Trainee: 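The structure's right below; bear with me while I get my questions together.
These numbers come from a predicted model, not from an experiment. We're numbering straight along the sequence, starting at 1. Worth knowing before you read on, the calculation uses all heavy atoms, side chains too, and leaves out hydrogens, waters and symmetry mates. Note that ligands are numbered from 1 as they come in the structure, with each ligand's atoms numbered from 1 the same way.
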Amino acid sequence: MISINDNPPHTRITDEAGIRKPTYTPGLENVIAAKTHLSHVDGEKGELIIAGFPLEEIAPRASFEEMVYLLWHGTLPDAPALGEFRQALASERTLAPVTRRVLEAAAAQNVPPMDALRMAAGTLDIQTYEGDLWRQGTAVLARLATIVAAYAHLLKHQSPIEPRRDLDHAANYLYMLRGQAPDAVHARALEVYLNTVVDHGLNASTFTARVIISTGSDLVSAVVGAIGALKGPLHGGAPGPALDMVFEIGDASRAEDYIRGKLERKERLMGFGHRVYRTRDPRADVLGAAAAGLYEEGGDRQLYTLAKSVEQTALRLLAEYHPERKLQTNVEFYTALLLHGLGLPASFFTPTFAISRAAGWIAHAIEQKEQNRLIRPQSEYVGSRDRRWQELEDRDRARS
Ligand code: ACO
């Protein structure tokens, strides 16, 4: 394993003869490619630290605006700074006509929401704030939420609901989706969700954003690239299936047979297990508590009770079938339950993930810019050599 962790920046790893020695590491697993103050994932301990705070400490307490400010400035805001940031975010929510036209065209073609978000994000114009990544980030973050909410309406052939300036980010997002300001419980549940998924080490979309910024490119390009990476089912693109399993089971009495059948067929249970978290996923704990609070106040309690019962059965059977692995509930299970409880359709789970993670991408872009070095790994050439050119007629003749 190559680690640059203890080396000064830009140290070259060399062999005994002093010759630079690159090592092939598929998927860049265990390669440290950035130093960051933003977040730390400890898979063995089941810990996620956000800018110094354990996730469980900060996510249930901070407003989303406080969380974003912390990531972008490294410190929690005082009251005037928070007020100023709230206002700045609220004042940037309106979409330019070109963004709206792109969304309308996408809806007319029934383009999936993440693709529409990627297209519309590409139209964001932040030139006015040239050279000020914080101001640019504020404009991008504010407008991404408006894009997603507007698209939810356009897909249903409805007019988008204009954003409000008097609401916080999470409450305004729910307002734009529903046309009614949410109560405090719903606004808070969404805020806890946004806080929980805002940053997660050097995940694929964050790495994408940092690579793009490292070339000297702009923030909108970095965010557009990151949206493309987040969309993939191996990253943020598949939170819906966890809930599908609960719906398919339908009744707690069927859970054991259904889940045992899946495990016998060696199928995976969506919403359980994690590549990095080997003991627990701290995000699942935080979102589990938020979901409990949300469903206590109302909503589809039957579904919540069923989901809890399915979870217990799944954990019991996973321990039976994979005693060597501690397979626990992951973030996707409670994301699905929470966002469903807030009335979001499954196709808008990943776009909602994106409007939070964008704050993390922007924080990483700022950090990358401050310590920039072009991210440019190498590849190992395994193709053939010494091939010789053949004229077209000769190639055709050889084929016939
Ligand atoms: N259901 C059933 N069996 C499982 C599950 C699961 N959810 N997760 C792992 N296993 C099994 C594997 O099949 C494997 O068994 P085998 O050795 O007999 O083939 C064994 O447990 C070991 O698996 P791991 O090494 O822990 O799993 P891996 O690191 O390969 O995969 C992953 C991690 C992809 C998340 C996996 O747990 C999974 O597919 N989960 C379901 C999908 C899911 O919920 N994805 C979202 C993850 S959260 C996120 O990425 C944001």
Side-chain angles (χ1 to χ4, degrees), residues 26-30 39-48 50 55 59 114 193-208 226-249 255-288 290-291 307 310-340 346 349-358 360-361:
L28 301 184
E29 223 165 310
N30 287 327
S39 65
H40 174 65
V41 182
D42 187 327
E44 294 303 326
K45 288 194 196 145
E47 255 179 26
L48 171 57
I50 306 276
L55 181 75
M114 276 302 277
Y193 169 72
L194 298 177
N195 287 347
T196 301
V197 300
V198 71
D199 201 43
H200 201 236
L202 201 57
N203 60 87
S205 58
T206 298
F207 184 55
T208 305
I227 291 170
L230 184 71
K231 185 188 130 178
L234 298 186
H235 189 2
L243 202 57
D244 291 345
M245 181 173 79
V246 177
F247 283 130
E248 272 169 39
I249 290 173
E256 170 111 16
D257 283 353
Y258 178 99
I259 293 172
R260 203 174 273 286
K262 267 191 174 295
L263 293 176
E264 286 291 336
R265 294 190 298 275
K266 302 222 171 295
E267 287 173 24
R268 295 203 169 195
L269 305 182
M270 294 297 127
F272 297 88
H274 198 273
R275 175 59 58 83
V276 178
Y277 291 118
R278 291 314 198 178
T279 45
R280 62 189 270 270
D281 182 341
R283 299 168 302 171
D285 294 349
V286 171
L287 291 185
V310 167
E311 181 191 18
Q312 289 318 312
T313 309
L315 291 175
R316 177 166 52 78
L317 294 181
L318 282 169
E320 183 185 321
Y321 280 78
H322 296 284
E324 74 297 346
R325 291 278 298 112
K326 256 192 143 187
L327 294 170
Q328 295 293 326
T329 317
N330 67 39
V331 67
E332 302 292 7
F333 188 84
Y334 281 110
T335 290
L337 201 54
L338 189 84
L339 294 184
H340 176 80
F349 290 176
T350 306
T352 303
F353 182 2
I355 68 162
S356 165
R357 184 55 62 86
W361 298 331

Trainee: So which of V197, N330, L317 gets nearest to atom 43 (C) of ligand 1, if we judge by its closest heavy atom?
Mentor: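 The residue whose heavy atom sits nearest atom 43 (C) of ligand 1 is N330.
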
Trainee: Could you list the atoms of ligand 1 found under 4.0 angstrom from a heavy atom of R278?
Mentor: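 Contacts of ligand 1 toward R278, numbered from 1: 24 (P), 25 (O), 26 (O), 29 (O).
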
Trainee: Based purely on interatomic distance, does F272 place a nitrogen or oxygen under 3.5 Å from a nitrogen or oxygen of ligand 1?
Mentor: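 It does: an N or O of F272 is found under 3.5 Å from an N or O of ligand 1.
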
Trainee: Nearest heavy atom to atom 48 (S) of ligand 1: which of M270, M245, H274, K262 does it belong to?
Mentor: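 Nearest option to atom 48 (S) of ligand 1, by heavy atoms: H274.
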
Trainee: Identify, by atom number and element, the atoms of ligand 1 in contact range of E332, meaning under 4.0 Å from any of its heavy atoms.
Mentor: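 Counting atoms of ligand 1 from 1, those under 4.0 Å from E332 are 46 (C), 48 (S), 49 (C), 51 (C).
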
Trainee: Can you tell me how far apart CZ (F349) and OH (Y193) are? Round to the nearest 0.5 Å.
Mentor: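 These two atoms lie 9.0 Å from each other.
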
Trainee: Ignoring hydrogens and geometry, is there a side-chain-to-backbone donor-acceptor pair from D281 to N330 under 3.5 Å?
Mentor: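 No.
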
Trainee: Measure from atom 27 (O) of ligand 1 to every heavy atom in K266, R268, H322 and give the option owning the shortest one.
Mentor: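 It is R268 whose heavy atom sits nearest to atom 27 (O) of ligand 1.
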
Trainee: With atom 26 (O) of ligand 1 as the reference point, say which of R325, H235, Q328 has the nearest heavy atom.
Mentor: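 Checking each option, the heavy atom nearest atom 26 (O) of ligand 1 is found in R325.
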
Trainee: I'd like to check D244 versus M270 (side-chain heavy atoms, cut-off strictly below 4.5 Å). Are they in contact?
Mentor: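 Answer no - side chains too far apart.
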
Trainee: Could you check if a side-chain atom of T335 sits within less than 4.5 angstrom of a side-chain atom of F353, using non-hydrogen atoms only?
Mentor: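 No, too far: nothing below the 4.5 Å cut-off.
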
Trainee: Would you check whether R275 has a nitrogen or oxygen atom less than 3.5 angstrom from a nitrogen or oxygen atom of ligand 1?
Mentor: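 In this structure, R275 places an N or O atom under 3.5 Å from an N or O of ligand 1.
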
Trainee: Can you tell which part of L234 has a heavy atom less than 4.0 Å from ligand 1: side chain, backbone, both or neither?
Mentor: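 No part of L234 comes within reach of ligand 1.
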
Trainee: For atom 35 (C) of ligand 1, which of A284, G273, A204, A314 has the closest heavy atom?
Mentor: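 Answer by nearest heavy atom: G273.
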
Trainee: Looking at G271, which atoms of ligand 1 are within less than 4.0 Å of one of its heavy atoms?
Mentor: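 Listed by number with element: 43 (C), 44 (O).
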
Trainee: Is the closest heavy atom of E267 to ligand 1 under 4.0 Å?
Mentor: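 So E267 counts as touching ligand 1.
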
Trainee: Can you find a non-hydrogen atom of H200 under 4.0 Å from ligand 1?
Mentor: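 For ligand 1, residue contact (heavy atoms, under 4.0 Å) with H200 is absent.
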
Trainee: When you look at R283 and Y334, which way does the side-chain hydrogen bond (donor to acceptor under 3.5 Å, both in side chains) test go after all the steps?
Mentor: CA-CA 9 Å; R283 299 168 302 171; Y334 281 110; over 6 Å; no

Trainee: Of all the heavy-atom pairs spanning T208 and A226, show the shortest one and how long it is.
Mentor: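 Looking at all heavy atoms of both residues, the closest pair is CG2-N, 4.0 Å.
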
Trainee: According to the interplanar angle, ranging from 0 to 90°, do the rings of Y277 and H200 count as parallel (below 30°), tilted (30 to 60°) or perpendicular (above 60°)?
Mentor: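 Tilted: the ring planes of Y277 and H200 meet at 30° to 60°.
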
Trainee: I'd like the name of whichever of L263, T329, L269 reaches closest to atom 7 (N) of ligand 1 through any heavy atom.
Mentor: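 Comparing heavy atoms across L263, T329, L269, the nearest one to atom 7 (N) of ligand 1 lies in L269.
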
Trainee: Could D199 and R357 be called an ion pair, given the rule that one side-chain N must be under 4.0 Å from one carboxylate O?
Mentor: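 Salt bridge: no.
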
Trainee: Do F207 and L28 touch side chain to side chain, with heavy atoms closer than 4.5 Å?
Mentor: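 Yes. Closest side-chain heavy atoms under 4.5 Å.
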
